[in-house]
Amino acid sequence: MTPASRTARPQRTTRLLGAAAAVAVALVAACSPAETAGVAETAGNAGASPSATPKPSVPQGPPGVRPRKGEVRPIARTGPLPPVISSIPTKRKVVFLTIDDGWEQDPGFVKQVRDQRIPITAFAMRDAVEAKGTPDESGGPARYVGAGKWGYFRQLRDAGVPVENHTLTHPNLPLLGHDAQKREICGAAQLVKKELGARPALFRPPFGNYNTDTLKAAKSCGVTSVLLWTATVQPGGKIAYQVPDKKLHPGDILLLHFRPNLARDFRILVGKIKRRGYELGNLQAYLDAATPR
């Protein structure tokens, strides 16, 4: 190669790079602000190695499957009081997980819910969350009673768990008058709002017991639906059915409690539900579809 040819090649390369830069500037000038950002990002990554490729973003928003259009049949209202709901009227193989009280605040449970994006709705009872009284040890010796108090429920909230109303002290409500029931329900609603920032719209009566005064009090406290259940989850992740065939059915609402060994039992339960071909649903999304306003 002659000295002249060695000199000409870098000059030609420089001219080509300059032309390419001019074209890039013209493209950027013609783009909208959003497009400009995309062009700039592409240009900056042009020489990046494959390892620098951005990873897919983590899904955002509440976890759980949501209803398809026309999937959910409406729940008939019989008057101005909140409807009492034991299951969601759908034929899709979807069930809903709910958990009551708040005694055993197992950090492993929060980790499962957060990391695996498992949809669950919690019904908090003040005395359990704040560890006032005797804990539920039906699942074994307790380890985490009141460990984080409302801070634990803030972790659940941040993991996408709606925290709803389960009274202050867990009384058998039909044994109380209207005013006493209202103090229990409204007091819990105000406390959840204070501690977690959102007033509950759902209410679960202790023991599943209620009367007309319960529904009237719940409505005055801002409750839109009263939630019961179709099956309970016992220690070891065992499902106790309330139907003769002892099987899951589309739309079932399952009731768990914050008991010892919750993380282990919850893992067993979720695996069992999925092996039976069921999905885990976003309860609020299905309630919105079933109870149009």
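Considering only heavy atoms from C-beta on, S220 comes within 4.5 Å of K182 through its side chain. A heavy-atom distance below 4.5 Å is found between the side chains of L254 and L269. In this structure, the side chains of L191 and E130 come closer than 4.5 Å at one or more pairs of heavy atoms. T121 places a side-chain heavy atom less than 4.5 Å from the side chain of E164. Side-chain contact between V161 and I99: absent, with no pair of heavy atoms (C-beta onward) separated by less than 4.5 Å. D252 is not listed as a side-chain neighbour of Y278, based on a closest heavy-atom distance of 4.5 Å or more. The shortest side-chain heavy-atom distance between R259 and E137 does not fall under the 4.5 Å cut-off. In this structure, L283 and I88 have side chains that are in contact, with non-hydrogen atoms separated by less than 4.5 Å.
Ring-centre distance between F153 and F258: below the 6.0 Å cut-off.
For R143, the CZ atom sits in a loose shell: 12 or fewer heavy atoms of surrounding residues, nucleotides or ligands are nearer than 6.0 Å. Environment of NZ in K216: sparse, with no more than 12 heavy atoms of neighbouring residues, nucleotides or ligands closer than 6.0 Å. The neighbour count for K194 NZ, taken as heavy atoms of other residues, nucleotides or ligands under 6.0 Å away, does not exceed 12.
Between the side chain of N165 and the backbone N or O of L202 there is no donor-acceptor pair closer than 3.5 Å. Between the Y286 side chain and the P89 main chain, no donor and acceptor come within less than 3.5 Å of each other. Under a 3.5 Å cut-off, the side chain of D265 and the backbone N or O of G236 do form a donor-acceptor pair. Between the N282 side chain and the A285 main chain, a donor and an acceptor come within less than 3.5 Å of each other. Under the 3.5 Å distance criterion, the side-chain polar atoms of K93 are matched with a main-chain donor or acceptor of R276.
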Run the side-chain contact (heavy atoms from CB on, under 4.5 Å) check on T212 and L81 step by step: do they pass? CA-CA 9 Å; T212 301; L81 299 179; 4.2 Å; yes

Carefully, step by step, assess T291 and T224 under the rule side-chain contact (heavy atoms from CB on, under 4.5 Å). CA-CA 9 Å; T291 56; T224 58; over 6 Å; no

Should K272 and I239 be marked as a side-chain contact (heavy atoms from CB on, under 4.5 Å) after you check the CA-CA gap, both sets of side-chain angles, and the distance that decides it? CA-CA 9 Å; K272 184 181 299 185; I239 302 175; 4.0 Å; yes

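Nearest heavy-atom pair across E71 and T90 is OE2-OG1, 2.7 Å. Heavy-atom minimum distance, N211 versus P174: ND2-CA, 3.5 Å. The two residues P235 and G139 make their nearest non-hydrogen contact at CG-CA, 3.8 Å. The shortest non-hydrogen separation linking P141 to P260 is O-CB, 3.5 Å. Of all heavy-atom pairs between L228 and Y210, the closest is CD1-CE2, 4.0 Å. L168 and E184 make their closest contact through N-OE1, 3.0 Å (heavy atoms, listed as atom of the first residue, atom of the second, distance).
For the side-chain contact (heavy atoms from CB on, under 4.5 Å) with Q181, the lone residue among L176, L215, L175 that qualifies is L176. Of the candidates K149, R126, R154, R154 is the only one forming a salt bridge (Lys or Arg N to Asp or Glu O under 4.0 Å) with E195. Applying the side-chain contact (heavy atoms from CB on, under 4.5 Å) test between D127 and each of T169, T167, D101 identifies T169 as the sole match. With respect to I273, the side-chain contact (heavy atoms from CB on, under 4.5 Å) criterion is satisfied by exactly one of V94, L248, I268: L248.
Note that CG of L287 is 6.5 Å distant from CD1 of I75, once rounded to the nearest 0.5 Å. The structure places CD of Q242 at 8.0 Å from OG of S86, a figure rounded to the nearest 0.5 Å. Between L227 atom CG and F123 atom CZ the span is 4.5 Å, to the nearest 0.5 Å. Distance CZ/R183 to CD/Q190: 12.5 Å, rounded to 0.5 Å. With rounding to the nearest 0.5 Å, the separation of CD1 in I253 from OG1 in T232 is 13.5 Å. How far NZ of K219 is from CD1 of I185: 14.0 Å, rounded to the nearest 0.5 Å.
In summary, R92 and E279 engage in a salt bridge, as defined by a charged side-chain N under 4.0 Å from a carboxylate O. Classification of D100 and R204 as a salt-bridged pair holds, one side-chain N sitting under 4.0 Å from a carboxylate O.
Cluster annotation: F96 and V113 are assigned to distinct hydrophobic clusters (Ile/Leu/Val/Met/Phe/Trp/Tyr, side-chain heavy-atom contacts under 4.5 Å, transitive). There is a path of hydrophobic side-chain contacts, each under 4.5 Å, that joins V129 to L156. Cluster membership check: V163 shares its hydrophobic cluster with F266, using side-chain heavy-atom separations under 4.5 Å among Ile, Leu, Val, Met, Phe, Trp and Tyr. In this structure, F109 is a member of the same hydrophobic cluster as L280, with clusters built from ILVMFWY side-chain heavy atoms closer than 4.5 Å. Hydrophobic clustering keeps Y241 apart from L255 (ILVMFWY residues linked when any side-chain heavy atoms are closer than 4.5 Å, directly or through intermediates).
Applying the disulfide bond (SG atoms under 2.5 Å apart) test to every pair with at least one member in residues 180-258, sequence neighbours left out, gives these pairs: C186-C221.
Other residues sharing a hydrophobic cluster with V145 under the 4.5 Å side-chain heavy-atom criterion for ILVMFWY residues are W103, M125.
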